[in-house]
Structure formats: C-alpha cells, structure tokens
Amino acid sequence: MTPSSSLVHKLEDYKPSPWLTPKLELRFDLDLHMTVVRADYDVVLSSETIQPLFLNGESLEFLSLRIDGAIVEPSEYQISPTGILILHPPKPNFRLTIENRISPAGNTSLEGLYKSGSMLCTQNEPEGFRKIVYSIDRPDNMMRFRVTIAGDLTLFPVMLSNGNLLEERVDAGKKEVIWEDPFPKPSYLFALVAGELVETKDTFITQSGRDITLKIYVEKGNEEKVSFAFESLKKAMRWDEDTFGLEYDLDLFMIVAVEDFNMGAMENKGLNLFNAKLVLADKKSATDESFEAILAVIAHEYFHNWTGNRVTLRNWFNLTLKEGLTVFRDQWFTEDMTDPAVKRIKDVLFLKEFQFPEDQGPMSHPILPKSYKEMNNFYTVTVYEKGAEVIRLVSELIGREKFKRGLKHYLSKYDGQGVTFEEFVSSMEEAAGNQIPYLRNWYHRSGTPLLSVKEHYAKDSNEWILDITDTGGNEYPLVFSNSLAVFDKEGQILKEEKRLMSGVRDQIRISALDTNGTKPIVSLFRSLSSPIRLDYNQSEEEKQILAKVETDGVSRFFAFQNLIFDWFQKSIVSGQEEYFSIILETIADSFGRNWDKTYHSFYLSFPGLTQISENIGCYEFQKIQKLRVWAVQTISTTFTNQFQVLFEENRKTIPIQTKEEIGKRRLKNISLYYLLYDATRKFERLAVAEQREAKHMSEEVSALKFLIEVDSKEKEKSVNLFFDKWKQDSLVLDIWFAAQVGTGENRLEITEQLENHPQFNVRNPNKVRSLYFSLARNPLTFHKEDGSGYSFLAKRIKILNEINPQMAAALTKLYSPVSKQKGELPQIAKRELETLASLPNLSKELGEIVGTILSSL
C-alpha cells in the first residue's frame, strides 16, 4: 500500500521511520524546464525486520531506479502520485540511486525547486523536498548532504547550497560546483539557489576568534539595500554568543533575497532564503516597522541554527518546539536591541488581534496539534506566537538565568537529534531543580484561558480577597505566572510580587488601605506574564489610575486601552457618546508625563476597528466605526494645540535608525493622524507637504495612509504622488496596494482596478498579501452586509487554488470570523465556501481549511 494524499496524520500514530538514509549525494543538472535530479542514498534499516521502503515523491517525472548499481525491475516497485514503494528491499544496508525530472519554471506552488525572477531556488519546509526528488521526507530522517550542481554558466553564474563549497569548475560554458554540509540535517533544511545574483560580503569574528564570512545575494540593483541586514545579522550573532554562549558552527553564512516566497524566511543550514522584503531596506524605501521586522526575522532565522537545525524536530506535530522557542528568542533579542516595553506592547497587541481570535474561532487548535491533513496549514499564530508565550512563561517561572542554563543543557544533550517538546521541558526542569506542574498541558489545551477574578472584603481580617479561577481548566489545568502590583488611591505602589498559580484556582489576600476597609488597586498579570484573558470587573476609576501611574509601561498602556473598550461597550448599548471625559482626562495627563517618545506615540494610538470589535464582542462594524470616528474627532478637537506642538517639536527628524529618531517620527505621525480628523480639514495640505518632503519612508507612508483613511480630498493626489515616485520599486508598491484597500467602505471596485494594474501579479505572494489579505482585514468592506466581500474573495481564492494552494488556504482562513457576523452573512459565507469545497481540482491545503470553517457554520 502507498500512502494517500488525503491521509489524516495523527500524533498517536507516530512511529519512527523503518528505514533511514544517513548519507545523500545529490546531483542537479539544471534547466528551467527539464532539470534532472539524481539521488544516491546510503539506506539503513532502523527496524527489526526488513519491510517495504516508501519514498515520498510528488509532481516528479520518474526516470530510473537502481539498488547497488543494478537496475530494479518495474515489478519490484510501485509508482503512485505520492511516491515510490520498493516492495522487496534486498538487505538491511544498500545503495539506492534514483533519478527524476522536474520543471522549475512550471512550478507555481513555490514549493520544491522553482523559478523566481532571474534565479532558481528552493522552499522545502515542511514537505517541499518530495517535489524535488524521491526521498524519505520527514524531519526525523537526518542526512549528511553532498550536492553537485551543474548548468549553463550564462543562466546560472551563481550556484549555492548548504555548508562549504568544496569544488568549482567551468568547462565549455558549463559550470559545476560541489557543496558539502558536515552536519546531518532533515530534508526540509536543504537549500539550493542558482542564477544571476550579485554577491555582497561582510565578516564576523566570533568570541573564540574564528573569522566567519557573511554573504547576502540579491538581484542586480538591490546591492545598496543590504547594509542594515548585515548589521542585524552581526548583532544577532553577537547576542547569541553573549546571552547563551552559542557560536556559529560553519565558516560561511549566506542569505539570499527572493522576490517570490510564500513565507517570511527559511532557516536552511548556512543558506537562509528570505522574502526580499525582509532583507532589503534603506531609509528611503523602508519604514521603521520594516527595519525592526528585518532585525527580528534575520535574528530569528539565524537563531534557528541551534534551535531548529542542530536540534531539530522528531515530527511535525512538534513544530512549536523550534518555532515558539525561536520566536521567543527573537523577541528577547529585539527587546534588548530596542525598547523592552514598546516591543512587549507590540507583541501583546499582535497576540490579541490575531492569536486570541484564532483560539476562539474554527481554526482553534493546541500548539501541539493532535492531527493534520496538510502540514502547511499549521504554520499558525498559535504554533508561533502562543508557542512563544508558553516559552516566555517558562522563563517567568524559573527566571532568565536558569532558562539560559536550561537551553544550553537542552542543546548540548540533544545535539544532532530530532526531539519533542518533552525533551525541552525536561531540560528546563533539570535547570530549575524541580518539576513545573501542569506546564505540559499548555501544549495540549486549545483556546485562550479565561481567568475570572472575584473579590470581596473580609471584615474580620481587614483584607480584600481576590479569588482567581481558570474557567476552562478542569480537563487540562495549567500553571500561570502572575506578576502583580498593588497601588493606593493616589497611585503609590505598595507591593510587587510574582505568584505561581498552579491549577484551576488561586486566592490572593491583600490588606485594606485603612481600618475602614478602603480597597487597594491591583494590577494582575503585568506585561501579560501568562497568555490569558482576564475577566476582572475593575471600576473606571481604578483603570484610570492604572492608566496613569502603573510603573509597568505595558500594563499602563493596556489599562488605557481597556478604558477605551469600556467606553465603546457602554456607547454601543446606550447609543450615546457618554463617559468620554475619562478618556480625555487620561490623554491630557499623558501630555504632562516625561515618557519615551515611542512609548508615548503607542499610548496615544487609538485602537482600530477589528481590535475594538474583538475586545467588546460586537461585530456591528458600521456602528463601531461611527463611534470610533466621533471619538477620534473629539480627541482631535480637544487637543488640537497639543498635537500641533508635538508635530512641530518632532518635525525635523534625521533619517537614521536610532531610538530617538524613531520616537520623533512616531510621535510626529500620530500627531498628524489626529490633526487630520480636525473638522475644518485644514491640516490635509500639511499631510501632502509632509509626504512630498519626507526624508524617511515612515513619514511618507503615514501621510498616504492617513489621507486615505479620512477620505481626504487630497487622497488622489497623495496616491498618485506615491506611485509616481515608487513605481520602479516592487516592494514599496506593496504598501501602495495595501493602503488603498485596507480601510474604509466599498473598496471592492478599487481592488478590481488594482488587480488589473500592470504592477500587480497574482503569482507573487507579496502582491497577493498586499491586496487580497489587506482587503479581507478591512471589516467594513469584507463583512459588508450584502455579502459582496465574501463573494469577491472566494473568486480570487478559486484562482489561487490553481496557482499557489498555500496562498489560497491562508487567504481562506480570513473567513474564520464569519460565524460571529450578523444577519445573512454566515449563510452567504457558507454558500461561497461550499462552492470552493466542490471545486473538481481542490487542493488538499485549501480543502482542509474550507472544511474546518464550514464545520463551524
């Protein structure tokens, strides 16, 4: 029997591979349409008895099969759409040679070996290697690779693979190179790049004195945009040495910038492939957010060299082991390189806007999934961001120093192996010197824990008692770190502590402020010390005090956000704009605080429509939008003078990436945002002037987005100005596409115009994300009451199903909130999804997502 493409993979069914291929020699004879791949495997029996050997293979043209040099008779193997089954392997150890042909130029899925611009490149995680060559394509099959690449010198002057370059020769216009990686790795970490690329170069000296060559390869014309990437890489290498004692283990580290890439980046051993938008940057073409994303993602992929490559996964169910852990490491690094409070605010905002809704919708799953049909669908914010929060929780529970020791112990003990989360948790417990109760349940429980807080006054002891209950913790009780602080009415901090909450309940006893039982103000789970939702009915007065004086900047920020959400909750019910004075008072107080500029800009940022909707549990977007516009206009009118002063104070910025200049740009931009909501519209020309005179992309983009959001009479001028300036830069135009459809009502017509624009390419994932994903995240258009948004997107998903199933499936996930919508919308969505489900050529990626969402409707 051969495995079926519709097979459901279950965690409980996992078994080690009965055969392994510890050594592999690969040869590629490159051609855009007819690349021949030859694989020579050392095959080793890893089970007790000889059994049939199955090699994964998809979309391959089979050419030949040999065992120990002898041709295998066709009756001895079976070829299917999912691979080859060798029926009677001759002995426990043998040499297997297999050849096949592939067409990189015809591969639009962007998995396996495919064409992007002037290059051929690979993407093999999770299961792309089987689209290159027949193989035991699973993470617990560790191989040492020796790779020969041959091809036309004019087409492929640069030829790269993992590890070290052993040999290079050119003969009669044909080039051939040999690469060897000394470290065993699973097939998903294999990489190959070949094409017309420009090499840029730098060096790094390790703490032990080794000289590491760093290279970034780009397409011609982009070589001036790599200096920040080099700087970020060297910072990450030094940080990993200083923090964990982890030194890079090869003499060469390479990055390639790829225009067509489904993911953000890929950590292939020694040869990282990156989406070009996460490598290329300069002050003219990249925003501050882009620079920080490059810093974080380059660090993330570099950190994978140890947490993912040297110690890898036993199976794909444990994806969070490498991704959650490495996200946490890149978050820690970025906190150290920037501002810890601001970075944490960004991470928690992302968690609340994207992961919490996933946890509460049809796509909810544990960070260790129990089953999957298509592994690509489990590269989710739950696996990554919630997984990172659980790792952060471990660091909270045992402390950062013990965490460092635990990680070094884990990497040392399991070097060169494929493991599970259990090995990681055990290593941390060994470093801590004790068991961590209920920690493992975080890997098996889906949904965001909701902790309910009930408080009462105990007169006999003059104490306020807080009873905390995990409302869904009976099946999988958890462990929590509760970082808390107690304040008096004047905002003076009285007490700070970290509590371990183990199990379903905890009780906190706090002395009253005086003999009359005056209640103290308690801030719980500061900086979101555990990834939870909190049901704590504090008064407006208490929240306002915390929003002004909480010494933890992250909790202070979210206290103010909660005040805003409370106002929306009341106003939606009452239909009146009452109680807004408390918001205005809190903003007024912030102007008198000597806060960091970047932090202050975040504090002043008004939450968006989706944030508000999710936090108050209301999906009447038109009503929320009307209230939001009124609120922003009221803030604008009340503080016009203050925003003008802030704008002018920070207007003259220097286009460099320092904390001071980033803060000035952000504070200036948020001031301009509020000024544009002024009823007189007198500041709109100021925004156009700001766009024209901008010295940094953050200033230019902000003016464009703000003018579109307020539907300014100057917006067409702004849109045309931006395009005329940046029409030659594909990555910058992604911003231009997204800005025009990401906010406001009735954006379907402009989307239709833009998808017919000569600069739009439905085969390019960045363009698809910039246009269709931005539209789907615009609730006023996507969730329009007549269902036109749902119908529009479904037609595009149908097209993408043929071109790039991964993009089709990812876009379909944005239908997840439809069950929460009002009126006929859920039924309209159901009809559209059923149409997709009935496609005759439905991909397994799209089929799984459509089926999951339909089951919730």
Side-chain angles (χ1 to χ4, degrees), residues 1-7 9 13 15-31 33-104 106-107 109 111-113 122 124 127-151 176 178 184 186-188 190 192 844:
M1 276 182 72
T2 57
S4 166
S5 60
S6 61
L7 179 70
H9 303 272
D13 294 338
K15 293 178 182 178
S17 176
W19 295 93
L20 297 174
T21 53
K23 186 177 179 182
L24 165 62
E25 293 183 15
L26 270 177
R27 180 181 175 89
F28 290 83
D29 287 290
L30 295 178
D31 182 275
H33 303 285
M34 297 178 64
T35 290
V36 175
V37 187
R38 170 176 166 150
D40 287 285
Y41 294 104
D42 285 352
V43 182
V44 176
L45 183 69
S46 63
S47 58
E48 292 183 359
T49 57
I50 293 178
Q51 52 190 288
L53 165 61
F54 181 75
L55 301 170
N56 303 101
E58 295 179 11
S59 305
L60 306 176
E61 181 187 350
F62 172 78
L63 295 177
S64 68
L65 178 65
R66 290 178 170 85
I67 290 180
D68 291 332
I71 294 276
V72 179
E73 293 296 323
S75 61
E76 290 295 308
Y77 58 85
Q78 295 174 353
I79 299 177
S80 73
T82 60
I84 288 182
L85 184 68
I86 300 173
L87 299 171
H88 305 292
K91 52 187 177 180
N93 302 285
F94 58 91
R95 182 81 161 175
L96 174 67
T97 303
I98 191 162
E99 287 186 309
N100 60 266
R101 192 156 41 216
I102 54 177
S103 174
N107 180 4
S109 70
E111 290 183 287
L113 180 67
T122 56
N124 291 319
E127 295 175 338
F129 193 69
R130 64 189 61 183
K131 293 186 176 182
I132 295 175
V133 67
Y134 291 100
S135 59
I136 302 175
D137 185 18
R138 48 189 288 167
D140 56 359
N141 181 35
M142 308 280 281
M143 298 177 280
R144 281 190 167 86
F145 282 72
R146 184 183 177 99
V147 180
T148 302
I149 310 170
E176 185 170 296
I178 299 175
S187 51
Y188 82 87
F190 167 73
L192 180 151
K844 58 183 179 180

Evaluate the side-chain proximity of [Y] to [X]: yes if any heavy-atom separation is below 4.5 Å, no if none is.
{"X": "Leu96", "Y": "Phe94", "answer": "yes"}
{"X": "Ile132", "Y": "Leu192", "answer": "no"}
{"X": "Pro89", "Y": "Val43", "answer": "no"}
{"X": "Thr82", "Y": "Leu7", "answer": "no"}
{"X": "Phe190", "Y": "Leu26", "answer": "yes"}
{"X": "Lys131", "Y": "Ile102", "answer": "no"}
{"X": "Ile149", "Y": "Leu30", "answer": "yes"}
{"X": "Lys91", "Y": "Asp68", "answer": "yes"}

With rounding to the nearest 0.5 Å, note down the distance linking [atom1] in [X] to [atom2] in [Y].
{"X": "Leu20", "Y": "Asn93", "atom1": "CG", "atom2": "CG", "result": "10.5 Å"}
{"X": "Thr35", "Y": "Asn107", "atom1": "OG1", "atom2": "CG", "result": "11.0 Å"}
{"X": "Lys15", "Y": "Ser47", "atom1": "NZ", "atom2": "OG", "result": "11.0 Å"}
{"X": "His88", "Y": "Ile86", "atom1": "NE2", "atom2": "CD1", "result": "11.5 Å"}
{"X": "Gln78", "Y": "Leu87", "atom1": "CD", "atom2": "CG", "result": "5.0 Å"}
{"X": "Ile98", "Y": "Leu65", "atom1": "CD1", "atom2": "CG", "result": "5.0 Å"}

All pairs passing side chain to side chain donor-acceptor pair (under 3.5 Å) where residues 19-28 contributes a residue, at least two apart: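 Applying side chain to side chain donor-acceptor pair (under 3.5 Å) to every pair that reaches into residues 19-28, excluding sequence neighbours, yields Thr21-Asn141, Arg27-Asp29, Arg27-Glu176.
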Ignoring hydrogens, what is the shortest heavy-atom contact between [X] and [Y]? Give both atom names and the distance.
{"X": "Pro104", "Y": "Asp31", "answer": "CD-O, 3.5 Å"}
{"X": "Ser187", "Y": "Phe145", "answer": "CA-CZ, 4.2 Å"}
{"X": "Asp140", "Y": "Pro16", "answer": "OD2-CA, 4.1 Å"}
{"X": "Pro139", "Y": "Pro186", "answer": "O-CB, 3.4 Å"}
{"X": "Gly112", "Y": "Asn124", "answer": "CA-OD1, 3.9 Å"}
{"X": "Leu24", "Y": "Ala39", "answer": "CD1-CB, 3.8 Å"}

Sub-6.0 Å ring centroid separation between Tyr134 and Tyr77: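 No, the ring centres sit 6.0 Å or more apart.
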Side chain Asp137, main chain Gly57, donor-acceptor under 3.5 Å: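 Here the side-chain-to-backbone pair does not exist.
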Residue pair Asn56 / Ser135, side-chain donor-acceptor N/O under 3.5 Å: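 No, no side-chain donor-acceptor contact under 3.5 Å.
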Full working for side-chain contact (heavy atoms from CB on, under 4.5 Å) between Asn100 and Glu61: CA-CA 5 Å; Asn100 60 266; Glu61 181 187 350; 5.7 Å; no
Residues Lys844, Glu127: salt bridge by 4.0 Å N-O rule: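 Glu127 and Lys844: not salt-bridged.
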With sequence neighbours excluded, residues passing ring pair (Phe, Tyr, Trp, His ring centres under 6.0 Å) with Tyr41: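 Tyr41 satisfies ring pair (Phe, Tyr, Trp, His ring centres under 6.0 Å) with no residue once adjacent residues are dropped.
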